[in-house]
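Below: the structure, in structure tokens.
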Amino acid sequence: MSRIHRTVIAALLATAGVALAQQPRSAVEEIERYRAALGDGNPAELWEARGEVIWKQKRGPKNASLEQCDLGLGPGVVKGAYTVLPKYFKDTDKVEDLESRLVSCMVSLQGFTPEQAKKDPFGGPGKKVPMDALVAYITSESRGMKMNVQTTHPKEVEAYELGRKMFYFRGGPHDFACATCHGADNLRIRLQDLPNLTTQADAQKAYTAWPAYRVSQGEVRSFQWRLYDCFRQQRFPELIFVSPASIALTTFLAKNSNGGTFNAPSIKR
Amino acid sequence: MDGSRRRILKGTGSAAVLGLAMAAGLFRTGSAWAEWNKAAFDTKSLADAVKAMGGGAPAESKDIVITSPDIAENGAVVPFTIASKVANTESMALLVEKNPNILAANFQIPQGTEPWINTRVKMGQTSNVIALVKTADGKFYYASKEVKVTLGGCGG
Amino acid sequence: MKNITIVVLGIAGAVAVGCASMGHHDEAALGAKALELMKASFHEQGQAKLDRLEQDNVQKVCSEYNGDKKIPRDVAERLEKAELANIKYPADGKYLGDWKNGERIAQSGVGMQFTDTAGAATGGNCYACHELTKSELAFGTIGPSLYNFGKIRGYTSEMQKYAFGKVYNSEAFSACSNMPRFGHKGILSEQQVKDVVALLMDPSSPVNK
Amino acid sequence: MADPMKIRASMAGDKVEVKVLMSHEMETGQRKDSKGALIPAWFIQNVTATHNGKTVLSAEWGPAVAKNPFLSFRFAGGKPGDKVAITWTDNHGDKRTDEATIA
């Protein structure tokens with residue numbers, strides 16, 4: 001698959017020919033136009049609408065909705081909640097990101113087992129899962145608001161520091177760490193720009209653009225999915241959904257984006 | 001989108017709603033509803049597509065404008081706006097020359113509706129894209145532009 | 001109330017000075033804890049087993065020196081020397097393979113992910129990070145441009161050997177380089193490394209046009 | 001049953017601009033699944049838009065229309081408070097109708 005894509009790029013850029021060779025950024029500019037054209041009418045809105053329905057729907061053994069779930073700003077407050085996550089929650093005595101918090105609420109409010117609540121973390125072709133829709137809905141309710149992740153509780157401090165260690169952790173057959181690709185300014189893989197997640201400006205730009213509707217997959221992808229797929233490309237084993245490491249790394253990245261204006265679900269290639 | 005402005009008709013497959021839709025004049029004629037020009041959607045070339053739509057040789061026209069990025073970051077979703085200033089435009093179609101079947105979509109433009117459509121199609125590879133206009137007197141006109149398809153990302 | 005405020009500020013203060021105040025011991029303890037956390041947070045899938053989280057010396061050392069914390073010269077030299085010792089140069093003394101194969105390897109990023117078929121031919125994905133030929137404009141910039149690699153440096157056997165060693169184990173020449181150790185880690189076979197060397201060093205390769 | 005559409009209808013000068021997102025796989029019939037078997041075609045074939053009962057747009061689509069389709073068009077004669085209804089039918093015979101009020 002990817003080999004075919006490579007060939008496609010090679011072939012088209014070759015046929016694009018001299019003009020492109022003289023002005024290599026013009027290809028990048030056209031891709032900017034492409035992204036702008038998709039901005040109006042993001043299919044993520046379909047997930048947001050479905051998520052709002054699921055949020056209010058009575059489900060699970062307790063036949064209850066999630067409406068009383070405390071996402072960090074108090075029970076039932078959805079507006080702005082994503083800007084303070086991940087966060088320490090007293091009831092679970094854990095730092096939780098949005099996805100793990102939803103799992104906790106599905107267990108405590110709706111009576112699902114943790115296994116049931118975590119069973120389908122990501123959607124796929126012909127497979128719609130509640131988690132993607134809930135994430136799309138809840139994050140959309142923080143659009144336009146500033147990221148404001150706090151590390152006041154010792155467990156929040158610890159999660160941030162552990163996330164930082166993980167960010168620089170080199171491993172696997174390729175010796176890759178997150179920092180290999182996301183630790184310096186103005187780098188790119190092929191033609192894809194790489195945010196430097198250790199700087200505030202880039203971290204803000206990157207973190208506030210997830211979740212995203214990926215046109216290549218026709219799905220809304222959550223931040224948990226973003227980390228899952230990064231580690232796949234890092235040649236690491238499979239990241240477990242809402243695992244402590246995934247939450248620690250999210251805490252590190254989310255806090256680095258503080259002050260950035262949240263603008264997702266977005267739309268990406 | 002403001003949820004309060006949107007009313008959703010539940011159970012749209014039901015006979016009741018179907019009856020409602022019919023009463024509302026949703027169906028232009030008895031079976032117009034199910035009209036889908038299979039022959040046109042099976043064609044591989046512009047000439048064959050026009051033929052399947054009941055026309056002769058189409059003429060190139062500067063009164064048809066295709067707006068799209070010259071390079072698509074992903075062929076799965078390529079945005080297009082097609083607009084026609086051809087007098088008495090009755091329908092507008094979007095065709096992708098190198099797709100397995102050339103015709104992507106065809107729009108009937110009734111009186112009062114602007115000959116202007118914005119939609120998104122799939123492109124298997126870099127290709128010419130054609131906007132095809134049919135006028136009320138059965139004549140066909142077209143314009144085309146090339147769109148290059150890439151796929152970025154980490155690879156592997 | 002006042003007391004609580006002071007406690008909270010105390011913690012926040014500790015965070016603010018965080019990295020600077022933390023000694024080697026703290027960082028090491030934190031690293032051990034992070035590894036423990038990771039081991040509990042991944043599971044094996046396909047060819048990607050949990051042993052991929054077991055760091056070798058290079059990975060361990062290079063995880064510590066990041067951001068503004070540069071690797072001390074003596075540590076770097078020790079690391080490079082140890083890595084140089086484990087390069088297996090070709091027994092036949094020939095370093096150049098087929099540059100056309102090398103180009104295919106440079107284009108392909110397939111291999112070693114848990115979604116890849118184990119044992120299937122892998123790529124080097126050189127273009128992901130390097131400019132190599134003028135015909136491929138979709139190149140990355142994590143590594144330097146390698147265009148005209150041989151032409152600039154000269155088509156000598158010493159340079160061929162250096163290129164082989166660099167692709168085989170980059171850490172032997174530049175401690176904590178971001179470049180994978182393609183030969184040492186078994187990502188590419190000896191023949192594949194030779195093919196990539198040919199892409200860089202063969203006068204007829206498009207890299208040198 | 002298919003998910004609801006998202007319909008936005010608003011005045012753009014003297015015309016009504018309609019923007020619709022539909023939830024649909026738009027499977028081409030050319031893709032293979034992980035086992036190499038062809039995934040059958042499944043796509044919206046007909047779309048009709050009405051304003052106060054009068055057809056303002058009708059379309060025939062092939063499988064080349066992108067997944068989760070987006071469509072925008074403009075028509076004259078509408079005013080705020082009027083209703084716009086959109087109906088799609090796919091090649092399985094599934095239908096969906098949703099309605100929006102012009103803002």
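Quick note: numbers below take in every heavy atom, side chains included, and nothing from hydrogens, waters or symmetry partners. Residue numbers begin at 1 in each chain, while the letters A, B, ... track the order of the sequences. Owing to the predicted nature of the structure, the values given are computational and were not obtained by experimental measurement.
Inter-residue side-chain proximity for Arg52(C) and Phe236(A) is flagged as unmet; no heavy-atom pair is nearer than 4.5 Å. Contact check for Phe114(C) versus Pro237(A): no side-chain heavy atoms found under the 4.5 Å cut-off. The shortest side-chain heavy-atom distance between Asn178(C) and Asp175(A) does not fall under the 4.5 Å cut-off. Between Gln234(A) and Gln113(C), every side-chain heavy-atom pair lies at or beyond the 4.5 Å cut-off.
Checked against a 6.0 Å centroid threshold, the rings of Phe42(C) and Phe169(A) do not count as neighbours.
Heavy-atom distances place no part of Phe167(A) under 4.5 Å from chain C, backbone and side chain included. Using a 4.5 Å cut-off between heavy atoms, Ala184(A) makes no contact with chain C at all. Contacts between Thr198(A) and chain C at a heavy-atom distance below 4.5 Å are absent for every atom of the residue. Residue contact with chain C, scored on non-hydrogen atoms closer than 4.5 Å, involves the side chain of Glu158(A) exclusively. There is no contact between Phe241(A) and chain C, counting heavy-atom distances below 4.5 Å. The contact between Glu64(C) and chain A is made entirely by side chain atoms (from C-beta outward), counting heavy-atom distances below 4.5 Å.
In this structure, the side chain of Arg235(A) engages the main chain of Gly111(C) through a donor-acceptor pair within 3.5 Å.
For chain C, the option among Ala248(A), Pro244(A), Ala177(A) with the highest count of heavy-atom pairs below 4.5 Å is Pro244(A).
Dense packing is recorded around NZ of Lys49(C), with more than 12 heavy atoms of other residues, nucleotides or ligands lying under 6.0 Å away.
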